[in-house]
Engineer: 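My questions all concern the structure below.
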2 protein chains.
Amino acid sequence: MTKPKEVTIYDLARKLNVSIATVSRALKDDPVVSKKTKKKIFDLAEEMGYRYNHFARNLREQRTYTIGVIVPRLNSYFMSTVIAGIESVANNEGYTLIISQSSEKADKEMASAKTMFNNRVDGMLVSLAYDTEDIAHFDQFIKKNIPLIFFDRVADHPDCTNVLIDNRKGAYEATCHLIAQGCQRIVHITATPKRNVYVDRLAGYKQALADHQIPFDDKYILINNLSQEAGAQAAATILQMNPLPDAIFAANDNCAVGCMIALKKAGLRIPQDIAFAGFNNDPVSTVIEPNLTTINYPGYKMGEMAATSLINHLNGVNSIDSTNTILLRSELIIRASSLRTKSDSE
Amino acid sequence: MTKPKEVTIYDLARKLNVSIATVSRALKDDPVVSKKTKKKIFDLAEEMGYRYNHFARNLREQRTYTIGVIVPRLNSYFMSTVIAGIESVANNEGYTLIISQSSEKADKEMASAKTMFNNRVDGMLVSLAYDTEDIAHFDQFIKKNIPLIFFDRVADHPDCTNVLIDNRKGAYEATCHLIAQGCQRIVHITATPKRNVYVDRLAGYKQALADHQIPFDDKYILINNLSQEAGAQAAATILQMNPLPDAIFAANDNCAVGCMIALKKAGLRIPQDIAFAGFNNDPVSTVIEPNLTTINYPGYKMGEMAATSLINHLNGVNSIDSTNTILLRSELIIRASSLRTKSDSE
DNA sequence: TTGTATGCGTTATCAT
DNA sequence: ATGATAACGCATACAA
């Protein structure tokens with residue numbers, strides 16, 4: 001139970017009859033220290049099991065080499081991929097991550113923000129929760145000049161960089177594809193208009209309709225939380241429609257899958273009766289039958305970009321003003337769920 | 001770019017004409033301070049935007065209120081659920097999490113361990129990587145009396161508590177179920193014998209066979225990394241077998257799904273030609289057709305238990321000697337992929 | 001109930 | 001090339 005005493009630079013200094021200043025300098029490989037003493041110090045440090053005390057440094061340097069990450073949830077393929085990307089960059093640059101999930105709740109997000117603020121993170125990487133309305137809980141960072149970068153679920157803020165894909169374009173392409181397959185009554189399942197990703201995807205959907213002279217109809221817009229269960233419930237609503245829609249474009253794959261399963265159970269054939277497209281290219285999209293057409297979404301890259309941009313900023317490499325938005329490429333992946341023209345190939 | 005100056009207890013003390021000791025005591029709600037002064041101090045702290053400096057405290061108290069978490073990967077439903085459980089407990093108790101993924105590689109795991117050690121975590125929560133042989137990189141924690149708890153992918157270590165399910169029992173039940181469905185030639189797909197979970201599941205499988213007088217046959221054991229792709233490759237191997245096996249028990253759902261898809265493509269009917277069982281109750285198990293029989297696995301609970309146990313230990317509540325293993329309940333969930341008796345119901 | 005003084009382990013400034 | 005010393009912000013033993 002007793003904590004063994006930590007070895008400090010004082011201990012090293014005493015044993016070698018040098019000053020702590022010399023030890024400190026040697027330990028960070030300062031060229032001003034002679035090779036000989038440096039070697040002596042390194043060796044002794046190793047031998048005595050010296051370990052660097054980050055807190056003393058943080059206290060002294062007023063920074064923590066820690067980055068706070070808040071995501072809506074960890075258990076989505078996309079998010080965990082993003083985090084992997086963030087981690088690789090952060091580790092490389094000597095930063096530690098504090099990760100927290102908001103579970104899609106604004107109040108949890110606020111609590112996490114506060115925790116991270118109190119932990120004196122050097123910078124923040126945030127993807128907003130489903131129901132966050134107001135982003136005032138991030139003002140504390142801005143005020144203290146702590147850089148904050150939003151990714152994927154972003155917010156418009158004059159002081160923050162955003163990293164995301166062109167959601168509007170992705171949705172536009174998916175919808176155009178459905179139209180090209182002969183679909184006219186296309187349902188769009190999406191989530192809260194509080195989040196840019198859903199607003200933009202809806203806009204892309206609308207524009208695709210407009211560009212093909214298909215009138216937009218409110219009743220074809222279904223709003224839910226995009227869970228698989230919500231997809232199943234959406235299916236019930238869809239089955240009530242008369243005439244039945246001939247395509248569904250869901251704002252994520254999970255929801256699309258829940259909906260597909262329910263519609264199949266109701267006896268509809270996909271894509272013949274109703275075509276499907278999703279968003280995200282989640283692994284589940286290649287498990288569902290027929291495989292789901294979707295938008296591929298560079299999660300790992302997004303994580304890397306966000307982290308790199310943040311760290312560059314921390315190092316003063318690029319000014320936060322210079323880049324306000326980083327847009328990543330996405331792509332439509334066409335699979336059997338939407339292929340009506342030669343639907344039964346393979 | 002300039003860092004605004006931080007407010008400290010000195011600033012508060014000066015403005016109120018009290019000592020820093022009083023401020024320090026008031027801030028942590030020490031009953032010894034009078035209500036009046038306490039209120040004054042709280043109000044001023046609020047007004048001046050004072051924030052607590054964890055590093056000064058850490059430096060002073062020689063602890064960090066930080067817990068290190070190392071997992072094989074974040075992007076599995078199971079692991080992210082475990083982490084959600086860990087997080088809820090840790091947050092409640094005022095601990096911060098540093099999370100890192102080993103990406104199933106021993107060297108990354110070692111690097112993460114070192115980082116966390118240098119960050120002076122108060123305790124560790126670890127689930128081992130696929131290819132970790134030697135757990136010597138955790139000795140540094142043991143030596144410093146930093147408690148370490150393994151969960152799910154555990155190691156036998158006299159000084160560590162393990163939190164896991166009874167993998168042997170789970171596998172035994174799954175295998176018995178397959179046998180009860182009339183299967184005799186049961187392939188078991190599993191992973192490295194370096195990890196307890198796979199060793200135990202294999203043992204459960206073997207015991208089930210033995211208890212039903214079915215001879216064990218080496219060639220029915222397939223070892224891979226349990227990815228979906230590996231499942232597809234396993235399918236190729238299985239198709240070479242003569243006679244064909246009549247059941248597959250995979251050590252996780254992902255791999256089972258990959259294998260099912262490939263076998264279906266090859267024209268086999270599930271469960272009529274070949275029955276399937278997996279492990280984990282991953283959401284994908286209810287997307288694949290037919291739905292996958294599997295072992296449900298209490299991830300959130302496991303995270304809560306591991307975190308609670310660690311924090312209790314940190315608080316000196318329970319000695320690490322008192323509980324060396326915490327076993328959680330798991331359960332067999334029977335779905336269509338293994339139901340041969342009345343296979344086509346529903 | 002409040003105050004004084006010291007140490008926690010660094011880094012950095014100024015000397016030498 | 002090396003050393004002495006002053007911060008950094010807080011908690012606490014001891015005093016008052």
Side-chain angles (χ1 to χ4, degrees), chain A residues 2-42 44-45 48-66 94 117-122 144, chain B residues 2-42 44-45 48-66 94 117-122 144:
Chain A
T2 13
K3 279 255 167 85
K5 199 83 187 109
E6 290 286 342
V7 178
T8 74
I9 53 173
Y10 287 98
D11 301 323
L12 302 180
R14 198 175 318 117
K15 281 232 180 178
L16 293 175
N17 262 320
V18 296
S19 75
I20 59 160
T22 303
V23 175
S24 176
R25 284 193 275 252
L27 253 23
K28 48 182 38 187
D29 214 14
D30 189 322
V32 86
V33 180
S34 78
K35 297 238 184 255
K36 269 192 183 168
T37 35
K38 218 182 258 179
K39 169 134 180 58
K40 278 197 310 188
I41 292 171
F42 274 128
L44 184 66
M48 295 183 66
Y50 166 81
R51 59 174 175 163
Y52 194 84
N53 188 323
H54 288 233
F55 306 105
R57 174 187 61 173
N58 293 343
L59 181 58
R60 180 61 224 239
E61 292 193 358
Q62 308 284 33
R63 54 186 297 199
T64 64
Y65 296 91
T66 296
F117 184 72
N118 288 331
N119 272 288
R120 302 281 220 278
V121 295
D122 286 349
K144 291 257 187 228
Chain B
T2 13
K3 279 255 168 85
K5 198 86 188 105
E6 291 285 345
V7 178
T8 72
I9 54 174
Y10 288 97
D11 302 322
L12 302 180
R14 200 174 320 118
K15 281 231 181 181
L16 292 175
N17 261 321
V18 296
S19 76
I20 59 157
T22 303
V23 175
S24 175
R25 285 191 274 252
L27 255 21
K28 51 180 34 183
D29 214 15
D30 190 323
V32 88
V33 180
S34 80
K35 296 238 184 257
K36 270 191 185 170
T37 34
K38 218 182 257 178
K39 169 136 180 54
K40 280 197 307 188
I41 291 171
F42 275 129
L44 185 65
M48 295 185 64
Y50 167 81
R51 58 173 178 165
Y52 194 86
N53 188 322
H54 287 233
F55 305 104
R57 174 188 59 175
N58 293 343
L59 182 58
R60 176 65 221 243
E61 292 193 357
Q62 307 285 35
R63 53 186 299 201
T64 64
Y65 296 93
T66 296
F117 184 72
N118 287 331
N119 272 290
R120 304 279 222 275
V121 295
D122 286 348
K144 290 257 186 226

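Chain letters run A, B, ... following the sequence lines, proteins first, then strands; residues in each count from 1.
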Engineer: What pairs with B/Thr64 under side chain to side chain contact (heavy atoms under 4.5 Å, CB included), at least two apart in sequence or on another chain?
Structural biologist: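 For B/Thr64, the residues satisfying side chain to side chain contact (heavy atoms under 4.5 Å, CB included) (neighbours in sequence not counted) are A/Phe55, B/Asn58, B/Thr66, B/Arg120, B/Asp122.
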Engineer: Distance check needed: C/dT1 P versus B/Leu16 CG, whole Å only.
Structural biologist: 18 Å
Engineer: Not counting sequence neighbours, which residues clear ring-ring contact (aromatic ring centres under 6.0 Å, His included) with A/Tyr52? List them please.
Structural biologist: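 Per chain and number, A/Tyr52 pairs via ring-ring contact (aromatic ring centres under 6.0 Å, His included) with A/His54.
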Engineer: Within the side chain of A/Lys144, is there an N or O that forms a donor-acceptor pair under 3.5 Å with the backbone of B/Glu6?
Structural biologist: no
Engineer: Quick one: side chain to side chain contact (heavy atoms under 4.5 Å, CB included) partners of B/Lys15, sequence neighbours excluded?
Structural biologist: B/Leu44, B/Met48
Engineer: Run the ring-ring contact (aromatic ring centres under 6.0 Å, His included) test against A/Phe42 and tell me which residues pass, sequence neighbours left out.
Structural biologist: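 A/Phe42 satisfies ring-ring contact (aromatic ring centres under 6.0 Å, His included) with no residue once adjacent residues are dropped.
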Engineer: A/Arg25 has an atom CZ; how far is it from atom C1' of C/dT10, in whole Å?
Structural biologist: 13 Å
Engineer: Please report, rounded to the nearest Å, how far the P atom of D/dA1 is from the NZ atom of A/Lys38.
Structural biologist: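 In whole Å, D/dA1 P and A/Lys38 NZ are 9 Å from each other.
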Engineer: Heavy-atom distance under 4.5 Å between the side chains of B/Tyr50 and B/Ile9, does that happen here?
Structural biologist: yes
Engineer: Does B/Thr37 place a side-chain N or O at less than 4.0 Å from the phosphate oxygens OP1/OP2 of C/dT2?
Structural biologist: yes
Engineer: Rounding to a whole Å, what distance do you find between A/Lys40:NZ and D/dA1:P?
Structural biologist: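 That distance rounds to 14 Å.
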Engineer: Is any side-chain heavy atom of B/Thr8 less than 4.5 Å from a side-chain heavy atom of B/Asn53?
Structural biologist: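 Of all side-chain heavy-atom pairs linking B/Asn53 with B/Thr8, none is under 4.5 Å.
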Engineer: Between protein and nucleotides 6-9 of chain D, what N or O pairs are separated by less than 3.5 Å?
Structural biologist:
{"residue": "D/dA7", "atom": "N3", "partner": "A/Arg60", "partner atom": "NH1", "Å": "3.3"}
{"residue": "D/dC8", "atom": "O3'", "partner": "A/Gln62", "partner atom": "NE2", "Å": "3.2"}
{"residue": "D/dG9", "atom": "OP1", "partner": "A/Gln62", "partner atom": "NE2", "Å": "3.2"}
{"residue": "D/dG9", "atom": "N2", "partner": "B/Ala56", "partner atom": "O", "Å": "3.3"}

Engineer: Across the strands shown, which category fits B/Asp11 at heavy-atom distances under 4.0 angstrom: base, sugar-phosphate, nothing?
Structural biologist: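 Contact class for B/Asp11: none.
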Engineer: Determine, for A/Tyr65 and A/Arg63, whether the Lys NZ or Arg CZ falls below 6.0 Å from the six-membered ring centre while staying within 45 degrees of the axis.
Structural biologist: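 The answer is yes, since A/Arg63 meets both limits relative to A/Tyr65.
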Engineer: Using a cut-off of less than 4.0 Å, is there contact between a side-chain N or O of A/Thr22 and OP1 or OP2 of D/dT2?
Structural biologist: no
Engineer: Within this structure, what is the CG-to-P distance between A/Asn58 and D/dC10, rounded to whole angstrom?
Structural biologist: 14 Å
Engineer: By the definition side-chain contact (heavy atoms from CB on, under 4.5 Å), identify the one residue from B/Val18, B/Thr22, B/Val23 that meets it with B/Val33.
Structural biologist: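 Option passing the side-chain contact (heavy atoms from CB on, under 4.5 Å) with B/Val33: B/Thr22.
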Engineer: How close or far is atom C1' of C/dG9 from atom CZ of B/Arg63, stated in whole angstroms?
Structural biologist: 19 Å
Engineer: Rounded to whole angstroms, how far apart are NE2 on A/His54 and C1' on C/dC8?
Structural biologist: 16 Å
Engineer: Among residues 28-36 of chain B, which residues get a heavy atom nearer than 4.0 Å to DNA chain C?
Structural biologist: B/Val32, B/Val33, B/Ser34
